[in-house]
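The figures here come from the full heavy-atom set of this structure, side chains too, leaving out hydrogens, waters and symmetry mates. Letters A, B, ... mirror the listed sequences (proteins, then strands); counts begin at 1.
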Number of protein chains: 2
Amino acid sequence: MTTFKLNSTAASLLGFLHERPMAGWDLLETAQQRIGNFWSLTQSQVYRELAAMAEAGLIEAGERGRRERQPYTLTEAGRAAFQDWLRQEPGPETIRIPLLLTMAFGSHLPPDRLAAILEHQRTRHSERLRSYEQRQSAIPPAYREANPAAVATLDLGIAYERAFINWLDQLPASIRGGDAAA
Amino acid sequence: MTTFKLNSTAASLLGFLHERPMAGWDLLETAQQRIGNFWSLTQSQVYRELAAMAEAGLIEAGERGRRERQPYTLTEAGRAAFQDWLRQEPGPETIRIPLLLTMAFGSHLPPDRLAAILEHQRTRHSERLRSYEQRQSAIPPAYREANPAAVATLDLGIAYERAFINWLDQLPASIRGGDAAA
DNA sequence: TGGTACATGTAACATGTTACATGATTAG
DNA sequence: CTAATCATGTAACATGTTACATGTACCA
């Protein structure tokens with residue numbers, strides 16, 4: 001009964017299994033769509049966690065379907081472990097921003113190279129913002145009302161991207177470049 | 001000559017070694033102060049990377065000083081590897097926000113529990129914002145002018161925390177709670 | 001002289017990443 | 001019939017985390 005020690009990735013898989021039995025493949029797709037935005041996971045991890053959780057009795061393998069598809073069902077123990085995990089105070093963010101490392105060591109870089117990097121980042125973040133905004137506008141009102149908290153996660157992504165782009169734009173001209181060229 | 005494949009953590013240590021020879025202990029302190037904000041590392045990692053880089057000839061151990069202190073010096077190969085790394089396009093952020101997982105599965109949580117979690121997070125982020133702001137106001141103008149890019153990293157932290165708190169405050173009352181009690 | 005901060009190092013394990021091998025099914 | 005997509009699984013390795021063992025020097 002000592003509830004199995006879940007990591008966040010495994011717990012998320014259990015979360016999705018509340019909706020219906022799914023195989024690794026479905027779970028990966030689902031996770032990437034629904035939480036991939038702020039929680040990355042790979043195919044390898046999914047199969048590893050599924051195997052471990054099946055071993056621990058949190059989920060049960062059903063009969064193989066088409067294409068060797070291996071569906072898993074939540075067990076009572078799995079539900080309990082998930083509830084346990086979900087009620088914990090969420091841990092601290094892990095935020096690792098390679099660009100900031102580059103900037104921290106910016107004095108070892110020629111100004112124009114740093115400026116080029118910043119320009120490139122601006123493009124990438126603008127694109128991401130645009131894609132988030134599109135996704136946001138595509139959310140059906142019914143889903144929004146049924147899952148307000150889940151929908152709100154996208155809002156934070158948008159707020160982050162806007163803050164990031166705004167920060168880039170406010171950077172002193174001395175590091176953003178454009179000065180030197182003129 | 002095939003330049004050693006550096007990870008960002010190891011590269012950062014090389015970055016700090018440009019300033020002066022340092023031992024693991026100093027490097028850990030320095031890194032936590034200067035990049036800890038957006039790049040976490042542990043004592044274990046520092047010693048591991050130092051050992052690997054010494055092995056690869058990127059740094060050289062000097063004579064032990066007081067308290068078994070083991071200083072390392074950059075080699076030419078180390079400088080080259082660092083320059084190589086620094087010029088790369090910085091990779092994508094790793095952002096993992098456990099709170100958003102909790103929210104994504106918020107429908108499995110009693111509303112008051114979710115509201116309590118959000119409240120708690122608000123406190124933590126406010127404190128962090130305050131500490132960042134204090135650090136920002138304590139930066140000597142001379143340092144700011146000499147290292148504008150390094151200083152700007154703190155600005156992004158502040159922008160992020162403000163965006164986060166603002167997002168929390170804009171969350172619909174239905175999930176923030178305060179409704180039910182009234 | 002005893003506690004605390006300094007300092008290094010290792011062991012064990014958890015998590016994340018990349019690459020590959022294998023086979024099933026479908027669409028053209 | 002064959003290329004593409006679906007689907008699972010494993011191996012090898014990189015990185016990150018936690019805990020512990022050891023010893024040094026300072027300072028109250």
Side-chain angles (χ1 to χ4, degrees), chain A residues 4-14 16 21-33 35-36 38-56 59 61-72 81 85 91-98 101, chain B residues 4-14 16 21-33 35-36 38-56 59 61-72 81 85 91-98 101:
Chain A
F4 182 80
K5 216 247 159 193
L6 284 180
N7 61 47
S8 301
T9 299
S12 299
L13 299 179
L14 292 184
F16 294 124
M22 282 188 256
W25 185 266
D26 307 308
L27 282 165
L28 180 64
E29 294 261 293
T30 304
Q32 283 177 340
Q33 270 177 43
I35 59 173
F38 47 85
W39 198 268
S40 70
L41 32 62
T42 63
Q43 177 255 30
S44 260
Q45 266 175 294
V46 170
Y47 288 108
R48 181 148 94 202
E49 298 299 345
L50 286 175
M53 290 194 294
E55 174 78 16
I59 56 179
E63 299 208 345
R64 296 227 176 226
R66 264 186 259 146
R67 300 191 186 199
E68 294 299 281
R69 224 181 155 64
Q70 173 68 81
Y72 288 95
W85 170 81
E93 289 111 310
T94 301
I95 296 187
R96 300 190 128 207
I97 308 183
L101 284 184
Chain B
F4 184 79
K5 216 249 158 191
L6 283 179
N7 62 46
S8 301
T9 299
S12 300
L13 299 179
L14 291 184
F16 294 124
M22 283 189 256
W25 184 267
D26 309 307
L27 282 165
L28 180 64
E29 295 261 293
T30 304
Q32 283 177 341
Q33 271 176 44
I35 60 173
F38 47 85
W39 199 269
S40 69
L41 32 64
T42 62
Q43 179 256 28
S44 259
Q45 265 175 294
V46 170
Y47 288 108
R48 182 149 90 199
E49 298 299 346
L50 286 175
M53 289 194 293
E55 174 78 18
I59 55 179
E63 298 208 345
R64 297 226 176 229
R66 264 186 257 146
R67 299 190 188 196
E68 294 300 281
R69 223 181 158 64
Q70 173 68 81
Y72 287 96
W85 170 81
E93 290 112 309
T94 301
I95 295 187
R96 300 188 131 210
I97 308 184
L101 283 184

Atom pairs under 3.5 Å, N or O on each side, protein against nucleotides 3-5 of chain D: can you list them with distances?
residue, atom, partner, partner atom, Å
D:dT5, O2, A:R67, NH1, 3.2

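- Looking at which nucleotide of DNA chain C each of B:R64 and A:S8 is closest to, the 5′-most match is held by B:R64.
- Legend: residues meeting side-chain contact (heavy atoms from CB on, under 4.5 Å) with B:T94, ordered by chain and number and at least two apart, are A:R96, B:R96.
- Listed by residue number, the members of residues 46-54 of chain B with any heavy atom below 4.0 angstrom from DNA chain C are B:Y47.
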Under 3.5 Å, which N/O atoms of the protein pair with N/O atoms of nucleotides 19-22 of chain C?
residue, atom, partner, partner atom, Å
C:dA19, N6, A:S44, OG, 3.4

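- Between A:L28 atom CG and D:dT8 atom C1' there is a gap of 12 Å when expressed in whole angstrom units.
- Rounded to whole Å, atom C1' of D:dA7 lies 13 Å from atom CG of A:L27.
- Comparing C:dT17, D:dC6, D:dG9 against the side chain of A:T42 picks out C:dT17 as the nearest.
- The distance between atom CH2 of B:W25 and atom C1' of C:dA7, rounded to the nearest whole Å, is 6 Å.
- Residues satisfying the side-chain contact (heavy atoms from CB on, under 4.5 Å) criterion with B:A61, sequence neighbours excluded, are B:Q70, B:Y72.
- A straight line from CD of A:Q45 to C1' of D:dT15 spans 12 Å, rounded to a whole angstrom.
- When the salt bridge (Lys or Arg N to Asp or Glu O under 4.0 Å) test is applied to A:R48, no partner is found at least two apart in sequence or on another chain.
- Contact between A:E49 and A:A10 at its shortest, heavy atoms only, is OE1-CB, 3.7 Å.
- In terms of the ring pair (Phe, Tyr, Trp, His ring centres under 6.0 Å) criterion, B:Y47 has no residue partners (sequence neighbours excluded).
- Atom pair B:D26:CG and C:dA7:P shows a separation of 7 Å (rounding to whole Å applied).
- A:G24 approaches A:L50 most closely through the heavy-atom pair CA-CD1, 3.6 Å.
- Nearest-nucleotide assignment on DNA chain D puts the 5′-proximal partner with A:R69, out of B:E68 and A:R69.
- Comparing atom distances between the B:Q70 side chain and each of C:dT18, D:dT8, C:dT8 picks out C:dT8 as nearest.
- What separates CD of A:E29 from P of D:dT8 is a distance of 11 Å, to the nearest Å.
- Distance, B:L13 CG to D:dT15 P: 12 Å, rounded to whole Å.
- Separating the CG atom of A:N7 from the P atom of D:dT18 is a distance of 13 Å, rounded to the nearest angstrom.
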Chi angles and distances behind the side-chain contact (heavy atoms from CB on, under 4.5 Å) call for A:F16, A:D26 | CA-CA 10 Å; A:F16 294 124; A:D26 307 308; over 6 Å; no
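- Scored by the side-chain contact (heavy atoms from CB on, under 4.5 Å) test, B:E93 finds A:I97, A:H125, A:R128, A:Y160, A:F164, B:I95 as partners (sequence neighbours excluded).
- Considering only residues two or more places apart in sequence or on other chains, A:P98 meets the side-chain contact (heavy atoms from CB on, under 4.5 Å) condition with B:W39, B:P90.
- With sequence neighbours excluded, no residue forms a ring pair (Phe, Tyr, Trp, His ring centres under 6.0 Å) with B:F38.
- Listed here is the closest heavy atom pair of B:R69 and B:P71: O-CD, 3.3 Å.
- Scanning for side-chain hydrogen bond (donor to acceptor under 3.5 Å, both in side chains) contacts around A:T42 gives A:Q45, with sequence neighbours left out.
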